[in-house]
> 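What follows is a structure written as structure tokens; I'll ask about it next.
Each residue takes its place number in the sequence, starting with 1. Quick note: numbers below take in every heavy atom, side chains included, and nothing from hydrogens, waters or symmetry partners.
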Amino acid sequence: MNKKLNSRKNLFIPVLIFLAALIVFSSCRSKVEIADLLLTRARIYTVNTAHPWAEAVAVKGDKIIFVGTSREARKFAGKETKIIDAGGKLLLPGIQDSHLHFLSGSLNLTRVDLSETRTVEEIQDRIRRFAAAHPEQKWVQGRGWMYSAFPGNMPHKKYLDEVVPDRPAVMRCADGHTSWVNSRALVLAGITRKTPDPADGKIVRDSQGEPTGALLEGASELVSRLIPEPDREEKLAALRVGMKEAARWGVTCAHGLGGEFEELELFEQIKREGSQTLRLVVAMWIDEPGPQEKDFKAYEEARARNNDNWLAVRGVKLMLDGVIDSGTGAMLEPYAGQGDNRGKLFWEPEDYKKAVLECARRGLQVSTHAIGDRAIRLALEAYELAARESGHPELRYKVEHAECIAAEDLKRFGQPFIIASFQPLHANPDPAWMSAWIKNAGPEREQRAFAWNSVLKAGGHLAFGSDWPVVTINPWPGVQMAVTREDWEGKPQGGWLPGEKITLEQAIYAYTLGGAFALNEENLRGSIEAGKLADLVLLSQNIFEIPVRKIRQTEPLLTIVGGRIMYDALSEAGNK
């Protein structure tokens, strides 16, 4: 009898196991999350090396819950799911702009745009038309000219006087390091041949000692301090326009490195009212001789208010030198044809190192503007010291711009805590943009210009951005520049310093996951993976399949941030 019972028991156990497994399987199936948003039939480049390509993505709330095939994605669809058929279009992670000045860029959208001008006549025409259209503006302001447009690579007040004789006018260079002002502005500022140069700048003068209207670096403050500050509503209006501009070009996150911290209340208002279209990480600006306890207190108070995935105060920004185009970037050897001029460090080296170390000891990321090889070397020395002694091995330090790295310093960019933060459009070889840089640097240093591939070969990490408003916030011309190093006419054929070109995959990485990595957020965003924030951009053309010289013509069709559609050209086209 016992044998029969045991036999039946032995038969019964497998049945129970099977039924239990069936129940568990059915239960799992019933718990499949229903997506809020489903994109299918896309060509998805995930920037995830384990699974680089997919065709569908499901989003729940602000997170990605599935990446795979369109067939598999069907199980995530429910009655309320918004389903978008991508029609085979390319989908990428949202663009991470690793260096911009958002308020300045937004305000610049309302001023004279001098970008891509090549001649004095073209510059004058734009200013003349803007001034005529805006007689109510007491100061005429603009930005975007380049040194090469003017005789001797430097502007003169006479050209501005000819088109704006009755009002003060200030036009900032594209790089932001030189102001060009008219005679009226010089008079209002009291700048004469007797005015001494400020410690952090230079008043350019002619052979008779007369100010020419060009003000380098800190000398710009002699005039800019007189310009009425835009009021709160003007700034908010500009920011709303800027937010739309960012969404239009697929920018979903940005590192604000100038002016945002001081205007945090405005960004908090934009967030409250629902006008924010991109995630913003804000750094506090620190000047020489370094931060005081009151600065750290202000930082902590601001961070306590703003520390989420939309608006976060994180880290500090320091500025070591100027730019090579005007001979103010700090160089190890004198500029070509400029006597003993090696540029100038804006900090005493020991003060700078002390400031970096103190910030790092408090767990704050440091980003440093360092363009010339001398400034870059000092930044690297300070970062290496901080990595050894701060007690915060998790910190990553950004070298902003890094335009001319000394050959012997390249290997130092291979250290895991160093980020090379480049802006590809700054390397446009068009003579209108680059000739002053090349002339001042000289032949040997030219060979080290914008060494993207050399940094990668050294084992380094790239993060790409725009430096808006220095150049457009639109990243697609920058992607093209990274892979071609040619101007828009295809010159020089094969690229300027072609050994520094990088692949399309590397460029996309630097504009997406590389930017997230630079801020220790590679596990949160920057690639299309389940569990990450749903920041996505659907493009008008597949940049993997078109000629590389057409990449800059790319336009987003959809920009999605945290599962929310921030820009929708598909619907706009459908409504026409």
Side-chain angles (χ1 to χ4, degrees), residues 42-55 57 67 86 88-98 249-253 419-429 450-466 471-518 522 525-529 535-559:
R43 183 70 171 144
I44 303 175
Y45 182 62
T46 66
V47 196
N48 172 9
T49 54
H51 301 285
W53 292 96
E55 59 182 15
V57 59
V67 181
K89 297 292 186 182
L90 180 66
L91 185 76
L92 295 179
I95 294 296
Q96 317 284 307
D97 191 315
S98 291
W249 296 115
V251 180
T252 60
C253 183
I419 306 296
S421 176
F422 286 108
Q423 301 73 45
L425 270 189
H426 288 193
N428 186 344
F450 304 90
W452 310 321
N453 198 35
S454 292
V455 167
L456 288 178
K457 286 181 177 180
H461 298 277
L462 299 182
F464 282 172
S466 64
V471 297
T472 174
I473 196 174
N474 175 3
W476 310 108
V479 174
Q480 178 173 322
M481 188 60 61
V483 300
T484 68
R485 290 180 74 108
E486 296 175 343
D487 68 17
W488 307 142
E489 302 298 321
K491 299 176 182 177
Q493 188 173 4
W496 176 50
L497 306 177
E500 296 300 345
K501 293 190 294 186
I502 60 176
T503 68
L504 180 56
E505 290 83 356
Q506 289 168 335
I508 292 172
Y509 175 93
Y511 270 113
T512 56
L513 195 54
F517 181 88
E522 68 271 22
R525 53 185 170 81
S527 59
I528 302 177
E529 301 179 59
D535 300 348
L536 312 163
V537 56
L538 186 71
L539 301 181
S540 61
Q541 55 183 357
N542 188 334
I543 59 178
F544 287 93
E545 297 178 351
I546 62 173
V548 290
R549 290 177 182 171
K550 293 186 176 181
I551 292 175
R552 70 188 182 101
Q553 299 171 10
T554 302
E555 295 186 5
L557 300 175
L558 284 174
T559 301

> Is there a side-chain contact between Val548 and Leu504 in this structure, where contact means two heavy atoms from C-beta onward sitting under 4.5 Å apart?
no
> To the nearest 0.5 Å, tell me how far Asn542 CG sits from Leu91 CG.
11.0 Å
> Donor-acceptor check, side chain of Lys491 to backbone of Pro429, threshold 3.5 angstrom: yes or no?
no
> Quick check: closest heavy atoms across Thr49 and Pro52, and the distance to 0.1 Å?
O-CD, 3.7 Å
> Going by side chain to side chain donor-acceptor pair (under 3.5 Å), name the residues that satisfy it together with Ser527, two or more places apart in sequence or in a different chain.
Glu529, Lys532
> Tell me every residue that passes ring pair (Phe, Tyr, Trp, His ring centres under 6.0 Å) with Tyr509, counting only those two or more places apart in sequence or in another chain.
none
> Distance from Leu456 atom CG to Ile502 atom CD1, nearest 0.5 Å?
6.0 Å
> Can you name the residues that form a side chain to side chain donor-acceptor pair (under 3.5 Å) with Glu555, not counting sequence neighbours?
none
> Holding to side-chain contact (heavy atoms from CB on, under 4.5 Å), I want the full list of residues that pass it with Ala54, two or more places apart in sequence or in another chain.
Ile44, Thr46, Val67
> Step by step, would you call Asn48 with Ile528 a side chain to side chain contact (heavy atoms under 4.5 Å, CB included)?
CA-CA 7 Å; Asn48 172 9; Ile528 302 177; over 6 Å; no
> Would you please name every residue forming a side-chain contact (heavy atoms from CB on, under 4.5 Å) with Ala427, sequence neighbours left out?
Phe450, Trp452, Trp496
> Using the test side-chain contact (heavy atoms from CB on, under 4.5 Å), find all partners of Lys457 that sit at least two apart in sequence or belong to another chain.
Asn453
> Can you name the side-chain contact (heavy atoms from CB on, under 4.5 Å) partners of Pro475, sequence neighbours left out?
Ile95, Trp249, Val251, Tyr511
> Which residues pass the side chain to side chain donor-acceptor pair (under 3.5 Å) test with Arg485, not counting sequence neighbours?
none
> Supply the atom-to-atom distance Leu558 CG to Leu536 CG, rounded to the nearest 0.5 angstrom.
9.5 Å
> Which heavy atom of Gly526 sits nearest to which heavy atom of Thr512, and what is that distance?
O-CB, 3.4 Å
> In chain order, what residues pass the salt bridge (Lys or Arg N to Asp or Glu O under 4.0 Å) check against Asp97, with sequence neighbours excluded?
none
> If you take all heavy atoms of Ala482 and Phe464, which pair is closest and at what distance?
CB-CE1, 3.9 Å
> Taking side chain to side chain donor-acceptor pair (under 3.5 Å) as the definition, give me every residue that meets it alongside Glu55, ordered by chain and number, with sequence neighbours left out.
none
> Classify the ring geometry of His461 against Phe517: parallel below 30°, tilted from 30° to 60°, perpendicular beyond 60°.
parallel
> About how many Å separate CG of Leu425 and OG1 of Thr472, when rounded to the nearest 0.5 Å?
8.0 Å
> Could you pull out the closest heavy-atom pair between Ala507 and Val483, with the gap in Å?
CB-CG1, 4.2 Å
> Donor-acceptor pair, distance only, cut-off 3.5 Å: does the side chain of Lys501 make one with the backbone of Thr484?
no
> Which heavy atom in Gly494 sits nearest to a heavy atom in Pro498, and how many Å separate them?
O-CB, 3.3 Å
> Within this structure, what is the CD-CG distance for the pair Gln480 and Asp487, rounded to the nearest 0.5 Å?
10.0 Å
> Evaluate the side-chain proximity of Ser454 to Glu500: yes if any heavy-atom separation is below 4.5 Å, no if none is.
yes
> Please report the shortest heavy-atom distance between Trp476 and Thr554, naming the atom on each side.
CD1-O, 3.6 Å
> Please tell me if the side chains of Leu92 and Val47 come closer than 4.5 Å, counting only heavy atoms from C-beta onward.
no
> Does the Gln96 side chain pair with the main chain of Ala516, one donor and one acceptor, at a distance under 3.5 Å?
no
> Go through Arg549 and Trp488 one step at a time and tell me if the side chain to side chain contact (heavy atoms under 4.5 Å, CB included) criterion holds.
CA-CA 8 Å; Arg549 290 177 182 171; Trp488 307 142; over 6 Å; no
> For the CD atom of Gln541 and the CG atom of Leu557, what is their distance to the nearest 0.5 Å?
10.0 Å
> Excluding sequence neighbours, so at least two apart, what forms salt bridge (Lys or Arg N to Asp or Glu O under 4.0 Å) with Glu522?
Arg396
